[in-house]
Amino acid sequence: MSVADRVMELARRRGFFWISAELYGGVSGFLDFGPLGKLLKRKIEEKWRQWFIVKNQEFVVEIETPVITPYKVFEASGHVAHFTDYMVECLKCGRKFRADHLIEEQAGLTGLEGLSEAELSSIIRERGLKCPECAGPLGEVKRFNLLFQTTIGPYSESIGFARPEAAQGMFTTFSRVYNAMRNRLPLGIAQIGKVMRNEISPRQGPIRLREFTIMELELFYDPKDPKCPVLDRSEVLRIVPEDRVSKKLMEPIEVTVEEALKTGVVLSEWTAYFMVLAQKFIQDLGIPFEKQMFIAKLPQERAHYASQVYDQVVELEKWGWVEVSGHAFRTDYDLRGHMASSGEDLRVYKQLSSEVEVEDYEVRPVLEALKEDFGGEAGLVANALKMMPGARVLEELESKGFFEMGKFRVYRRHVELVKVKRKVKGRRFIPFVAEPSFGAERLVYAAMEHAFKEKEGRVILSLPPDIAPIEVAVFPLVNRNGLPEKAREVYKALKDRGLLVEYDDSGSIGRRYARADEVGVPLAVTVDHQTLEDDTVTIRSRDTWRQVRCSIQQLPDVIEAYVRRKVAIAPLKELIE
RNA sequence: GCGGCCGUCGUCUAGCCUGGAGGAGGACACCAGCCUCCCGAGCUGGCGACCCGGGUUCAAAUCCCGGCGGCCGCACCA
């Protein structure tokens, strides 16, 4: 039995998590969290909050936005068009392929994004493309959109989607939060919440889910001022950069932040900063540095919104290197799309210390061309274009052949770019965004798997003490001579301190230690006969199985320091070393 | 979604091929009690399962069909 199977078995048996709706046979891609799992997950979320929000509270705030989101938001974000896979099946051998990938490879065509299934089908027909495996004929292209769709209100035509990421909540409400935070950049907006993706065939238990908890942060900054003032450039990143990935060299290199930025291995200082934090956060969950790394995503596998993406992966016994976080450099892609679709100006204004003369490209919409291609929405596009940064429009037209604003794709003929010199007292610009994004359920599983140990045929879940779901256990050595009563008092004292405590008096003392070890209780307190004489108890360590005596009076302080702050104070110090 | 294999107490399993004798057996875990007490000890008792639906049959855990779910392979994983 693999470690993964045994972790899953433990998870079911002891109440961490299990497949949802088991009563009716279960559904893959959905998990229930039981009492211990919920506590563990909550502690992991809280730890993320500490590392990413509380630590950076000068410029990072947490918000909450709804799961159900109107159609227009995901249309503007590009998800309706891009959060889709096109599949084509071979009619002879039944193999399935990504239609766009197949066309790219066989016909050498690029820029297929945004084509409909009918258009892709006709390309396959016209060019006579065949199955790359058996040369059989190909069927019609089918489209899978991974968004969960619903209607808002009864009998309503109003389509809503469950969000596949929390990020759009941060973008759509950016102006308000920016305002509430008194118009300062950099600004981080974070959110922990449920998201849904209608995966075609989720497997791998807790690793690929259709509904899961995302922990996400959008860091908005001035593209002209990309410095991250809190970045320590001497930190080391374990990384497989893009050029190595493309050569299939998956061995990570260890580089300092300094080098990574200098060589362009990481494009944004803010991304580098969050990558450093992510490493520390994951280590803090008990996953060692050598068991984690960052892997660059190649352009064709990146999400539609991102210019550079690093996946943070951790090594799992059964599934290999599994993504636990994504670090995307989203530039101004999202805000741009929302500006075009909503017609709102989401730029920020930054006053300059004195009036200066600047040179820039002014974007002048060509209305006739826009009307031809966008019809009634031409005005919206024109309006948005006027707010776009000219240099960036030019750059993208030259490099990609088009400039994208959400659902609108603007080509050369739609705009005139005019070089202008102007005296200004301030700048208006669309902020750039660096995004770290974590999946909570995967982290719960990864933390459990890395904590899973065996000793003398017994299971020990060696979780870091500060994420252990139960923090301390209290046992009376025997159930008589007044020991249970005394043990109840100790239990209450610890509970009153706000600790998560379990009282257990059933079975032999050895069995109780074993049960506690299995769910990762770091410390167990036993009330014995000596307790009645001198008011001391034993504290037993899950990891070393050694014991020390401690006075009941000191006990809450000692336990709390260890499980909340990971500090061993006397007499626990001698026990843990 | 396709193909292969599979689905019995919480877990591991016996039984299925060859339909009946079934009140579905065992082990571990769990619960209660006794005993004992510093590492899953012992004794007694208890709870607890044939994935769902249909069919064949006098009779289905067993045979057939459909569904659901799992594992593996292919594909997919923004």
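Note on naming: letters A, B, ... go to the chains in the order of the sequence lines (proteins, then strands), and numbering restarts at 1 for each one.
With sequence neighbours excluded, no residue forms a salt bridge (Lys or Arg N to Asp or Glu O under 4.0 Å) with A:Glu456. A:Arg549 is linked by a salt bridge (Lys or Arg N to Asp or Glu O under 4.0 Å) to A:Asp528, counting only residues two or more places apart in sequence or in another chain. When the salt bridge (Lys or Arg N to Asp or Glu O under 4.0 Å) test is applied to A:Asp543, no partner is found at least two apart in sequence or on another chain. Partners of A:Glu471 under the salt bridge (Lys or Arg N to Asp or Glu O under 4.0 Å) rule, at least two apart in sequence or in another chain, are A:Lys43, A:Arg564.
Distance check on atom C1': B:rU44 versus B:rA21 gives 31 Å, rounded to whole Å. Across B:rC63 and B:rG19, the matching P atoms stand 9 Å from one another, rounded to whole Å.
The partner of B:rG20 is B:rC58, by the rule that a Watson-Crick or G-U pair needs both atom distances under 3.5 Å. Using the Watson-Crick or G-U wobble rule with both distances under 3.5 Å, B:rC28 pairs with B:rG10. B:rG3 is paired with B:rC72 under the Watson-Crick or G-U wobble criterion, all donor-acceptor distances under 3.5 Å. Judged by Watson-Crick or G-U wobble contacts below 3.5 Å, the nucleotide B:rG33 has B:rC43 as its partner.
With a 6.0 Å cutoff to the six-membered ring centre and a 45° limit on the axis angle, A:Arg163 does not count as a cation-pi contact of A:Phe74. A:Tyr513 carries A:Arg540 over the face of its six-membered ring, with the cationic atom under 6.0 Å from the centre and within 45° of the normal.
Summary of the strand contacts: A:Leu477 and A:Gly29 both lie near RNA chain B, and taking for each the nucleotide with the nearest heavy atom, the more 5' one is attributed to A:Leu477. Mapping A:Thr526 and A:Pro164 onto RNA chain B by nearest heavy atom places A:Thr526 closer to the 5' end of the strand.
Closest contact between the side chain of A:Arg13 and the listed nucleotides B:rG69, B:rA41, B:rA29 involves B:rA29. When distances are taken from the side chain of A:Gln547 to each of B:rU11, B:rC38, B:rG69, the shortest belongs to B:rC38. Here the nucleotide nearest the side chain of A:Ile509, chosen from B:rC76, B:rG70, B:rC37, is B:rC37.
Nucleic acid contact class of A:Lys297 (heavy atoms, under 4.0 Å, all strands): sugar-phosphate only. Within 4.0 Å (heavy atoms only), A:Leu146 reaches no atom of the nucleic acid at all. Within 4.0 Å of A:Asn479, counting heavy atoms only, lies at least one base atom of the nucleic acid. If you check every strand for non-hydrogen atoms under 4.0 Å, A:Arg480 touches sugar and phosphate atoms only.
Of the residues in residues 512-523 of chain A, those lying under 4.0 Å from RNA chain B by heavy-atom distance are A:Tyr513, A:Ala514, A:Arg515, A:Glu518.
Regarding contacts with the backbone of B:rC30, a side-chain N or O of A:Arg511 is found under 4.0 angstrom from either OP1 or OP2.
Pairs passing the salt bridge (Lys or Arg N to Asp or Glu O under 4.0 Å) check and including a residue from residues 67-78 of chain A, sequence neighbours excluded, read A:Glu75-A:Lys407.
Looking at A:Arg540, its side chain has no donor and acceptor atom pair within 3.5 Å of the base of B:rC38.
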